Amino acid sequence: MSGSRDIRQERFLREAVVEYHGRLMHWADALVEFLAERFREQGVSHVVVNGGLSVSGLQHVGRLRGEIIIGDVVARLLSEKGFTVEQKLTLYTQDAWKGKASQRKQFSDPEEAKRYTGWPLIRVPDPLGELPSWVDRYWKDFGPFINEFTWGRVEVVTTTDMYRGKLKEFVKLSIEKREEIRRIINKYRGRKPYPEGWIPFEPRCSRCGRIDRTVALEADLPAEKVRYRCRSCGNEDWAPLWDGKLNWRIEWVGVWWALGVKFEPYGKDHATPGGSRDSANELAEKVYGLRPPEGLPYEWVAMRTPDGREQDMSSSDFVGFTPREWLEVAEPELFRFLVLRTPPMRKLVVGLHEVPLYYDWYYRAERVYYGRESTGKKSEDLLLARSYELSYTEQVPPREMPAQPPYTHLAILAQVVPRELWESEAVKRLVASGHLPENPDEASLQRVKRLLPRAYRWAQLYAPEQLRIRLLESLPGEIVERVPDEYRELLARLGDVLAGLEQWSEEAIKKAMIEFTRGWEGSRRRRFYHYLYLVFLGRESGPRAAPLFSLLPRSYVVERLRGLRR
RNA sequence: GGGCCGGUAGCUCAGCCAGGCAGAGCGGCGGGCUUUUAACCCGUUGGUCCCGGGUUCAAAUCCCGGCCGGCCCGCCA
C-alpha cells in the first residue's frame, strides 16, 4: 500500500488525546490532520466520505458511530480545512437474507419465513406486512433520524439501485478482468478456490429467488446478461446484469469505484491485518488501478442493561436500540458526545437507563468548554471541551453557557406538572428552584423544552421504580388499610385545613403544612408524611408535597384526605 | 492459528505515550436545607492499581512472562 503508514498503528485510534505534530489534540483532530496530509500528497481536494451497512435487522445506534457520526465529523473538519466534501451512506440491500433464527422470529410464522432464506434483503417482505420490504421495516427507526445526528448532508444510496446504474458497468469490467480477480481472491480462499473460467457475478434465481446459491456459467456482455445454474433448486436461466450481486470483496471495490470514495471507516470485523479490508484494497489497486480509500478501524457499540450485563449490539440478532429510541429520551448531541469522547478502537457501552449519568458528564464537559470548571488536567479538559464542541451538529455552542437542569430533576418535574403546563408552570418552578436564571436565555429554554418530554418518557420506560411517580386516581382499599386510625384522622384534619385556605398556592399550602405539624416529634412527622404520600402516590415518598398539591385541583386533594376519616 | 480492546475505590471510569505523594464522578455514611428524593449545600468513608519477574534513586505508568474478562477474523458479508 504505497509504503505509507498503516493507520492501524496510530495512537489516535486508541487514545482520546494525543500529541500529534507536537501539539496536544483531540483524536478526531489528529485523525483529520492525518487524513488531510494523505489527501494533499495524493492531490485530492474533493473528498467523498462513505459508510456502509447491510439492513440485516435492527438498525441500532452502534451503526451511527462508525458509519455516520465519525464520517460526519471528518467531513466537517476537512471542509474547515478547505476540502470540498460529500457524505454518502451505502445500504447493502442486495445482500442475502440469512434466515437466522433471530431474523425468522420477526415473522408471525418463523417456519414459513424459511422460504426467504437467501433472498436479497430488498425482496424479503416486511414481517408485519405493512411496508414494501424487510429493508423498509428496519430502516424506519433509523434512516429518518440520521439528519438529527449529523449536519444533514448524508446521501443514502442502495446497492440495488447502483446495480442498475454505475455498478452495472463495474460488473462488466469485472467479468472482463475475471482471471486477474480470481488470482487475487484465491489467495484468500485456500480451501475453496474459484475454478478456472469463474464468473464473478451471482444472479438471483428466477425460480426460488435465492441470490446466494447461483453459479454463473457464461456471460453475454453486449446483451448484459449471464446464464446461470441455481445450486439450490437446479434452475437454469439467463439473468440481467443488474439482478444479482458481486462477490462481496469485489462489490466493496465497486462501491468505491462508483462513488469515488476517498474515506470509509470499517468495523473491527474488517480490521484484521490480511483480512477483508486489506484484500479489498489489494483488488482495488491491482485489478482496477484504483487507489483504495483511506480507512479507519473502529470498535462496535455495546449495550448495557440495568442488571449490568453488556453485549455487543447486533443487527441480525436484534440486540440494541435504535436512534428513534435514543431520541425519545435524549438529545442527539449527547450521543455524539459519547462517541466523540471515546477513541475509535475502544468499545463504547451505552444503556438507556444511564441517560441521566450521561447528562452529568455532558454538563461537566459543557462547564469545561465555557471555562467555568477545570478537571485540573490539560488533556482531560481538552477532550471534554472539544468533544462537547463537536457534539453540536448544525450550529456551534451558544455564546453563553446554557443552564444545566439535572435530568432526574426534570424527570420528576415532568411527571408532577401536567404536560400542558410544561412551558409555563414547569419553567416557573425551575426558575424558583434556581435551575433556570431569572430571565432565561433562549438556549436554556430550548434545552428545557427539549428535555422535559424526553425525561418524562425516560421515567416511564427506563427509570427505576423509585423515580416513577403516578397519582392514584382513586384510593384502593388495601392502601387505606395500611394507614393506622390515628394517622387517618390526622390526614383528614389536614384536609380540613387545606379546604379552609384562602388561597390555593404553593406558599399557602406550605405554610399550612408547617403549621399543622409544628411541634411534632420527628418520627411522628416522618410517618405522617409517609402515609400522606401513600394515599396520593401509592408509595412512601415523593416530590415535595406543597408544590405538588398546588398543581392539583384543590377538591381532589381535600376529598382524598377527608375520605380517610372513619 | 492470527488480531483488537480492557483489568485502578462498592459502580462507571481518568491517570500510562512522556516514570515522581493513587484521582474524579456516582454510591455509602454523617450533617444541613423546619418530612422525603438519583434536587441542592457541607463533611466523610473508601484501593493487593490482575499476578510474577526485570530496568530504575523512584513503576499503576517502561520491558519480559503469565492470568482473567469482552470481542473480531480463519476464505459468509
Side-chain angles (χ1 to χ4, degrees), chain A residues 8 11-19 52-54 56 92 94-96 98 121 185-194 212 245-249 251-252 267-279 297-300 302 304 308-312 315-316 341-349 351 353-354 356-358 360-361 363-364 375-377 379-380 383-384 405-413 430 433-435 459 463-464 466-467 469 510-511 513-515 517-520 522-533 537 539-546 548:
Chain A
R8 281 173 294 215
R11 279 186 65 83
F12 57 72
L13 299 180
R14 296 166 178 85
E15 303 291 335
V17 175
V18 293
E19 191 173 309
L53 42 92
S54 116
S56 50
Y92 289 84
Q94 288 294 98
D95 285 11
K98 302 256 175 69
L121 292 167
I185 290 194
N186 276 351
K187 288 198 304 193
Y188 298 95
R189 298 174 60 94
R191 258 170 277 146
K192 292 200 283 183
Y194 287 123
D212 63 339
K245 79 189 296 295
L246 290 162
N247 168 287
W248 64 277
R249 286 178 219 268
E251 185 179 67
W252 205 356
K268 64 174 168 184
D269 49 339
H270 296 298
T272 301
S276 51
R277 176 69 179 230
D278 285 351
S279 62
Y298 65 91
E299 247 291 350
W300 292 348
R304 181 155 39 229
R309 286 180 314 124
E310 61 186 58
Q311 201 182 351
D312 278 355
S315 182
S316 59
R341 72 198 272 281
T342 311
M345 282 180 74
R346 285 266 274 272
K347 184 163 67 177
L348 172 60
V349 187
H353 62 289
E354 289 179 329
L357 175 63
Y358 305 152
D360 282 350
W361 296 346
Y363 285 164
R364 179 155 194 245
T375 62
K377 296 204 164 119
S379 60
E380 184 72 5
L383 173 67
L384 293 180
Y407 189 88
T408 48
H409 187 81
L410 294 175
I412 291 173
L413 194 62
L430 285 168
S433 60
H435 290 111
Q466 201 181 8
L467 230 59
I469 295 162
K510 187 174 143 200
K511 263 191 177 156
M513 293 186 68
I514 290 169
E515 187 57 37
T517 59
R518 186 180 299 282
W520 289 12
S523 69
R524 188 184 200 204
R525 183 181 286 148
R526 198 160 25 249
R527 293 186 72 195
F528 175 77
Y529 273 99
H530 283 176
Y531 294 125
L532 179 70
Y533 285 113
L537 304 174
R539 18 177 284 204
E540 296 189 339
S541 65
R544 290 171 184 277
L548 172 63

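The sequence lines fix the lettering, A, B, ..., with proteins before strands; numbering per chain opens at 1. Here the structure is a predicted model, which means the values were calculated and not measured.
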Notebook entry, point to check: Should B:U12 form a Watson-Crick or G-U wobble pair with both distances under 3.5 Å, which nucleotide is its partner?
Noted result: B:A24
Note to self: Need one value for A:Leu383: base, sugar-phosphate or nothing, where a base atom within 4.0 Å counts as base even if backbone is also close, heavy atoms only.
What the structure shows: nothing
Check: In the strands shown, is B:C17 matched to any nucleotide by a Watson-Crick or G-U wobble pair with both distances under 3.5 Å, and which?
Finding: none
Notebook entry, point to check: For the pair made of CZ in A:Arg277 and P in B:C4, what is the distance, rounded to whole Å?
Noted result: 18 Å
Checklist line | Side chain of A:Trp300 (C-beta onward), nearest among B:U36, B:C72, B:U12 | finding: B:C72
Check: Looking at A:Lys347, does any N or O in its side chain come under 4.0 Å of the phosphate oxygens OP1/OP2 on B:C4?
Finding: no
Checklist line | Integer-rounded Å distance: B:C76 P and A:His270 NE2 | finding: 14 Å
Checklist line | Atom P, compared across B:G52 and B:A14: separation rounded to whole Å | finding: 24 Å
Check: In the 5'-to-3' direction, what one-character label does each nucleotide of nucleotides 14-22 of chain B receive under the scheme B = base within less than 4.0 Å of a protein heavy atom, S = sugar-phosphate only, - = no such atom?
Finding: B--BB----
Next item on the list: For the side chain of A:Met345, starting at C-beta, report the closest nucleotide among B:C73, B:A39, B:C4.
Entry: B:C4
Notebook entry, point to check: How far does OH of A:Tyr529 sit from CE of A:Met513, to the nearest 0.5 angstrom?
Noted result: 3.5 Å
Check: A:Leu246 has an atom CG; how far is it from atom C1' of B:C76, in whole Å?
Finding: 16 Å
Notebook entry, point to check: Of all heavy-atom pairs between A:Asn186 and A:Pro193, which one has the smallest distance, and what is that distance?
Noted result: OD1-CA, 3.3 Å
Next item on the list: Would you kindly give the CD-to-C1' distance between A:Gln311 and B:G70, to the nearest whole Å?
Entry: 11 Å
Notebook entry, point to check: When all nucleic acid strands are considered with a 4.0 Å heavy-atom cut-off, which category describes A:His530: base, sugar-phosphate, or nothing?
Noted result: nothing
Check: Expressed in angstrom and rounded to an integer, what is the separation of A:Arg14 atom CZ from B:U61 atom P?
Finding: 20 Å
Next item on the list: Determine the contact category for A:Tyr92: base if any of its heavy atoms lies under 4.0 Å from a base atom, sugar-phosphate if only primed atoms, P, OP1 or OP2 are that close, otherwise nothing.
Entry: nothing
Notebook entry, point to check: Hey, does A:Glu15 have a side-chain heavy atom less than 4.5 Å from the side chain of A:Pro343?
Noted result: no
Note to self: Mind checking if A:Ser54 touches a base, just sugar-phosphate, or nothing, with heavy atoms under 4.0 Å?
What the structure shows: nothing
Notebook entry, point to check: Out of curiosity, A:Asn247 CG to A:Ile185 CD1, how far, rounded to the nearest 0.5 Å?
Noted result: 4.5 Å
Notebook entry, point to check: Rounding to a whole Å, what distance do you find between A:Gln94:CD and B:C76:C1'?
Noted result: 17 Å
Next item on the list: Taking atom P in both B:G74 and B:C21, compute the distance separating them and give it to the nearest angstrom.
Entry: 46 Å
Item checked: Separation between the C1' atoms of B:C13 and B:G6, rounded to whole Å -> 12 Å
Notebook entry, point to check: Is any side-chain heavy atom of A:Asp312 less than 4.5 Å from a side-chain heavy atom of A:Lys347?
Noted result: yes
Next item on the list: Could you tell me whether the side chain of A:Asp95 reaches within less than 4.5 Å of the side chain of A:Ser56, counting heavy atoms only?
Entry: no
Notebook entry, point to check: Is A:Arg309 touching bases, backbone alone, or none of the nucleic acid, heavy atoms closer than 4.0 Å?
Noted result: nothing
Note to self: Can you check the distance between B:G47 and B:G10, where both ends of the measurement are the C1' atom (answer in whole Å)?
What the structure shows: 11 Å
Item checked: Residue A:Asp269, side-chain heavy atoms: nucleotide from B:U12, B:C72, B:A24 that is nearest -> B:C72
Item checked: Nucleotide forming a Watson-Crick or wobble pair with B:G6, both distances under 3.5 Å -> B:C68
Note to self: Under 4.0 Å, heavy atoms only, any strand: does A:Asp95 hit a base, just the sugar-phosphate, or nothing?
What the structure shows: sugar-phosphate
Checklist line | Separation between the C1' atoms of B:G20 and B:A60, rounded to whole Å | finding: 13 Å
Margin query: Any heavy-atom pair between the side chains of A:Arg8 and A:Asp278 that's under 4.5 Å?
Written below: yes
Next item on the list: Would you give the length of the straight line joining atom CZ of A:Arg11 to atom CE of A:Met345, rounded to the nearest 0.5 angstrom?
Entry: 13.0 Å
Margin query: With a 3.5 Å limit on both atom pairs, tell me what B:G43 is paired to, counting Watson-Crick and G-U wobble, or say none.
Written below: B:C29
Check: A:Glu299 or A:Tyr529: which one's nearest nucleotide on RNA chain B is closer to the 5' end?
Finding: A:Tyr529
Checklist line | Interatomic distance at C1', B:C41 relative to B:C51, whole Å | finding: 44 Å
Notebook entry, point to check: Mind checking the C1' distance from B:G2 to B:G19? Whole angstroms is fine.
Noted result: 33 Å
Margin query: Using a 4.0 Å heavy-atom cut-off, does A:Trp252 contact any base of the nucleic acid, only the sugar-phosphate backbone, or nothing at all?
Written below: nothing
Next item on the list: Side chain of A:Pro406 only, please: which of B:U36, B:G3, B:A39 is the nearest?
Entry: B:A39
Item checked: Residue whose nearest RNA chain B nucleotide is more 5′ - A:Arg341 or A:Ile412 -> A:Arg341
Next item on the list: Answer yes or no: is there a side-chain heavy-atom contact under 4.5 Å between A:Glu299 and A:Arg346?
Entry: no
Item checked: Interatomic distance at P, B:U12 relative to B:G70, whole Å -> 14 Å
